[in-house]
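Everything numeric here is computed off the predicted structure, so don't read it as measured data.
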Amino acid sequence: MSADDVVKSVGRVFAILELFDRRRDGLTATEVERALDWPKSSTLALLKSMVALGYLSFDRIERRYSPTIRVARLGDWIDGADERRDLDALVEDCAAMTGQTVTISCQNDLRMQFLLVEAGSRPLRMNINPGLKGPLFRSNMGRVALSTKGDAEIARLAERVNRRASLLGERVDDLDEVLAHVARIRAEGFSAGYGRFIPHIGVLSWPLQRQPTAPVLVLSIGGPIDEVRASEKEIAKLIPALLESHGFPAKGVPGDWSREPRHGR
């Protein structure tokens with residue numbers, strides 16, 4: 001098949017993915033535009049579309065795009081000997097152990113996005129679809145993602161969220177409460193939230209990151225508040241060993257937040 005036979009937008013999507021594969025790092029829109037010699041407008045349109053679909057994430061601080069785990073999982077059925085298989089196995093084991101719905105999510109700009117979902121086996125369970133987005137500051141998974149960042153960066157994110165509050169559906173009115181909460185998550189390695197994002201649903205969440213340069217993922221176990229609250233202590237004791245058995249650190253993600261200036265100083 002000649003280049004003329006390929007629909008232009010489809011060919012460009014794969015060109016972008018192959019560029020990330022070659023560079024092995026996040027890229028700005030300008031870097032993509034120059035590397036592929038494309039017009040600025042069409043480059044931005046494609047990148048934004050791939051973000052909206054959940055195949056790229058966008059860091060507004062560094063202005064860089066990066067592939068998400070949804071891209072990595074496209075070839076799982078061909079070759080599963082990698083971290084993606086470990087994530088699938090971790091999710092399946094957590095669901096089997098708890099009977100609750102288990103998800104893997106990540107930050108995508110100013111929101112959180114579900115990437116993997118294993119439905120619970122209990123009659124009453126949390127129903128979530130991959131690709132769904134949720135609030136960054138108001139959700140338990142979002143608070144865990146924030147705990148891997150410095151306080152100064154969290155404050156900047158809060159300002160950006162507040163500037164777009166009507167669009168995002170959330171507003172940060174008490175930054176001190178957020179910072180106190182993420183400090184507890186850093187110390188304890190996980191977070192429990194009840195009715196924070198979805199009414200009547202309790203969620204336990206842990207940060208996942210094998211390498212310092214890898215994107216931070218969030219493992220969450222969710223279900224009816226009464227059930228999750230009653231089993232919180234037991235699950236919290238069992239998950240660290242399960243994480244270790246799948247090759248993930250058992251107590252969160254240290255990151256570099258300790259080297260950032262504390263908020264208000």
Begin with the C-alpha distance, continue with both residues' side-chain angles, and end with the deciding distance and a verdict on side chain to side chain contact (heavy atoms under 4.5 Å, CB included) for R111 and N108.
CA-CA 5 Å; R111 307 199 75 183; N108 192 343; 5.6 Å; no
Audit row: Q107, T148, side chain to side chain contact (heavy atoms under 4.5 Å, CB included) steps and yes/no:
CA-CA 11 Å; Q107 182 184 347; T148 68; over 6 Å; no
Check against salt bridge (Lys or Arg N to Asp or Glu O under 4.0 Å), D25 and R23
CA-CA 5 Å; D25 198 2; R23 297 292 182 87; over 6 Å; no
Worked check of side chain to side chain contact (heavy atoms under 4.5 Å, CB included) between V117 and L132
CA-CA 10 Å; V117 178; L132 179 70; over 6 Å; no
Determine, step by step, whether F197 and M141 satisfy the side chain to side chain contact (heavy atoms under 4.5 Å, CB included) criterion, reporting the C-alpha distance in whole Å, the side-chain angles of both residues, the deciding distance to 0.1 Å, and the verdict.
CA-CA 9 Å; F197 170 33; M141 59 183 175; 4.3 Å; yes
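Counting heavy atoms from C-beta outward, R164 and L110 have side chains that approach closer than 4.5 Å. Inter-residue side-chain proximity for S66 and D59 is flagged as unmet; no heavy-atom pair is nearer than 4.5 Å. With contacts defined as side-chain heavy-atom distances shorter than 4.5 Å, the pair I221/I239 qualifies. Residues M50 and L17 form a side-chain contact, since some pair of their non-hydrogen atoms from C-beta on lies under 4.5 Å apart. L115 is listed as a side-chain neighbour of C106, based on a closest heavy-atom distance under 4.5 Å. Between T68 and Q113, the closest side-chain pair of non-hydrogen atoms is not below 4.5 Å. Annotation: side chain of V13 is not in contact with side chain of Y55 (no heavy-atom distance under 4.5 Å). At a threshold of 4.5 Å between non-hydrogen side-chain atoms, the residues L87 and L217 count as touching.
The closest donor-acceptor contact from the side chain of S231 to the backbone of E234 lies at 3.5 Å or more, if one exists at all. The backbone N or O of V172 lies less than 3.5 Å from a partner atom in the side chain of N162, making a donor-acceptor pair. With hydrogens and angles ignored, the 3.5 Å screen pairs a side-chain donor or acceptor of E170 with a backbone N or O of L136. Proximity of a side-chain donor or acceptor of T98 to a complementary backbone N or O of Q100 within less than 3.5 Å is detected. When atom types are taken as modelled, the side chain of N140 and the backbone of V203 share a donor-acceptor pair closer than 3.5 angstrom. Side-chain N or O atoms of R63 include none that pairs as donor or acceptor with a backbone N or O of T28 at under 3.5 Å.
Scored by the salt bridge (charged side-chain N to carboxylate O under 4.0 Å, His left out) test, R229 finds no partners at all (sequence neighbours excluded). For E177, the salt bridge (charged side-chain N to carboxylate O under 4.0 Å, His left out) test picks out R143, with sequence neighbours left out. Remark: D21 pairs with R24 by the salt bridge (charged side-chain N to carboxylate O under 4.0 Å, His left out) rule, at least two apart or across chains. With sequence neighbours excluded, no residue forms a salt bridge (charged side-chain N to carboxylate O under 4.0 Å, His left out) with R163. By the ring pair (Phe, Tyr, Trp, His ring centres under 6.0 Å) test, Y65 is found to be paired with F58, residues two or more places apart in sequence or in another chain being considered.
Minimum interatomic distance between M112 and S139 (heavy atoms only, all atoms of both residues): CG-OG, 4.2 Å. A145 approaches K149 most closely through the heavy-atom pair O-CG, 4.0 Å. The shortest non-hydrogen separation linking A95 to E118 is CB-CG, 3.5 Å. Smallest separation of non-hydrogen atoms from G202 and V228: O-CG2, 3.5 Å.
Distance check: K48 NZ to L46 CG gives 11.5 Å after rounding to the nearest 0.5 Å.
Between L208 and the choices V144, V216, L243, V218, the side chain to side chain contact (heavy atoms under 4.5 Å, CB included) rule is met once, by L243.
Comment: D109 does not engage K133 in a salt bridge, judged by the lack of any side-chain N to carboxylate O separation of less than 4.0 angstrom.
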In a table with atom names and distances, give each donor-acceptor pair under 3.5 Å that connects a side chain of residues 35-42 to protein atoms at least two apart or in another chain.
residue: W38; atom: NE1; partner: L36; partner atom: O; Å: 3.3
residue: S42; atom: OG; partner: R12; partner atom: NH1; Å: 3.2
residue: S42; atom: OG; partner: P39; partner atom: O; Å: 3.2

